[in-house]
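Please read the structure below before turning to the comments.
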Amino acid sequence: QDKEKLEIRKLNDPPTAETVRDMIKYARNVIEEFRRAKHYKYILFIRFLDFFLPPSELLEICELSLDKMGAVFEDSNVYMLHMMYQAMGVCLYVQDWEGALHYGQKIIRPYSKHYPSYSLNVASMWLKLGRLYMALEDRTAGVKALKRAIAIMEVAHGKDHPYISEIKKELEDH
């Protein structure tokens, strides 16, 4: 699956090996900065590249990085997925439910392709999507997403796991 995970855009004029190498280096650097930023627990500002930024600027960095990487990488590329996941996290942090849903919807299909059938990473994404749909009052989509999360979790954890019961109760309450 490495080829799929590192998929390059199919362009009339394909990028050179050097361009791809440079973009991978860029992606790794920006991802490393986001990893470092996660270690800081500031409420209003997050440390990024030795600056303290409000989350809205961090989201802008995600979007600019996605634009830059998107010129070379497909959306299913692991570097793109990682940056979309970061953007989704920032949206969740600032309570931009529509923005978080947008990124989650872009992430779920490649996640389902890259991870094993009963991956908890996929279940977690379905769970987030389900809760976002519910928060945005799209009950039909929310129920469908939460049921997909439950189906994976029942295989991974067993049908009697307390977390599954909690999600089922959440469904009943909506």
Side-chain angles (χ1 to χ4, degrees), residues 1 4-7 9 27 30-31 33-35 37-38 40-46 48 53-157 161 163-174:
Q1 287 185 332
E4 289 176 6
K5 290 179 181 179
L6 297 173
E7 195 164 355
R9 285 216 178 272
V30 77
I31 287 167
E33 283 300 322
F34 269 91
R35 282 194 181 123
K38 278 185 172 181
Y40 291 85
K41 303 294 182 197
Y42 297 105
I43 301 301
L44 298 174
F45 295 91
I46 298 171
F48 188 82
L53 303 173
S56 60
E57 288 184 29
L58 204 57
L59 183 57
E60 190 175 334
I61 290 170
C62 288
E63 291 168 348
L64 291 170
S65 296
L66 284 166
D67 285 345
K68 183 173 181 168
M69 290 188 297
V72 176
F73 299 147
E74 285 291 346
D75 282 353
S76 61
N77 183 293
V78 291
Y79 296 114
M80 292 289 286
L81 289 170
H82 186 87
M83 192 53 56
M84 284 186 248
Y85 190 81
Q86 296 303 322
M88 182 181 183
V90 174
C91 288
L92 289 170
Y93 181 80
V94 298
Q95 299 180 355
D96 174 6
W97 309 138
E98 289 92 358
L101 181 63
H102 165 77
Y103 286 112
Q105 289 169 327
K106 290 181 81 163
I107 292 169
I108 192 62
R109 186 170 287 122
Y111 261 38
S112 298
K113 192 175 179 183
H114 293 328
Y115 286 109
S117 301
Y118 298 104
S119 167
L120 291 176
N121 290 318
V122 177
S124 174
M125 187 55 63
W126 279 119
L127 183 61
K128 287 176 186 170
L129 285 171
R131 288 176 172 159
L132 284 166
Y133 283 124
M134 291 297 205
L136 293 168
E137 299 181 12
D138 185 347
R139 180 170 165 62
T140 303
V143 167
K144 184 178 176 182
L146 290 173
K147 284 184 176 180
R148 290 187 83 166
I150 290 168
I152 294 169
M153 292 172 154
E154 284 180 339
V155 173
H157 290 307
H161 194 278
Y163 198 50
I164 294 168
S165 302
E166 183 183 314
I167 299 166
K168 285 181 177 178
K169 180 163 178 14
E170 197 176 318
L171 271 172
E172 290 169 13
D173 293 345
H174 277 92

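Keep in mind the model is a prediction, meaning the values are calculated, not measured.
- Considering CD of Glu170 and CD1 of Ile150, their distance stands at 8.5 Å, rounded to 0.5 Å.
- In this structure, the side chains of Tyr85 and Tyr111 come closer than 4.5 Å at one or more pairs of heavy atoms.
- By the 4.5 Å heavy-atom criterion applied to side chains, Trp97 and Leu92 are counted as neighbours.
- Taking each heavy atom of Cys91 and Gly99 in turn, the nearest pair found is SG-C, 3.7 Å.
- For the pair Leu59 and Val94, the minimum side-chain heavy-atom distance is 4.5 Å or more.
- By the 4.5 Å heavy-atom criterion applied to side chains, Met88 and Met83 are not counted as neighbours.
- Once rounded to the nearest 0.5 Å, the distance linking CZ of Arg139 with NZ of Lys144 reads 15.0 Å.
- The backbone N or O of Glu7 sits less than 3.5 Å from a side-chain atom of Asn77, completing a donor-acceptor pair.
- Among all heavy-atom pairs drawn from Glu74 and Met80, the shortest one is O-CG, 3.3 Å.
- Taking the side chain as every heavy atom from C-beta outward, Leu132 and Tyr103 never approach each other to under 4.5 Å.
- Of all heavy-atom pairs between Leu171 and Leu146, the closest is CD2-CD1, 3.7 Å.
- A donor-acceptor pair shorter than 3.5 Å cannot be found between the side chains of Glu98 and His102.
- Between Thr140 atom OG1 and Met134 atom CE the span is 9.0 Å, to the nearest 0.5 Å.
- With values rounded to the nearest 0.5 angstrom, Cys62 atom SG is found 9.0 Å from His82 atom NE2.
- Annotation for Glu137: atom CD does not count as buried by contact number, only 12 or fewer foreign heavy atoms lying within 6.0 Å.
- Between Leu129 and Gln105, the shortest heavy-atom contact is CD2-N, 3.7 Å.
- For the pair Ile167 and Glu172, the minimum side-chain heavy-atom distance is 4.5 Å or more.
- The two atoms that bring Ser117 and Ile152 nearest to each other are O-CG1, 4.0 Å, heavy atoms only.
- Ionic pairing of Arg9 and Asp75 is present here: one or more N-O contacts between side-chain nitrogen and carboxylate oxygen are shorter than 4.0 angstrom.
- With values rounded to the nearest 0.5 angstrom, Glu60 atom CD is found 7.5 Å from Glu63 atom CD.
- Checked by atom type and distance alone, the side chain of Ser119 never pairs as donor or acceptor with a backbone atom of Tyr115 at under 3.5 Å.
- In this structure, Arg148 contributes its side chain and Ala123 its backbone to no donor-acceptor pair below 3.5 Å.
- Met153 places none of its side-chain heavy atoms less than 4.5 Å from the side chain of His161.
- Heavy-atom minimum distance, Leu81 versus His114: CD1-CD2, 3.6 Å.
- To the nearest 0.5 Å, atom CD1 of residue Ile61 and atom CD of residue Gln86 are 12.0 Å apart.
- Proximity of a side-chain donor or acceptor of Ser124 to a complementary backbone N or O of Leu120 within less than 3.5 Å is not detected.
- Using a 4.0 Å cut-off between charged side-chain N and carboxylate O, Lys168 and Glu154 make a salt bridge.
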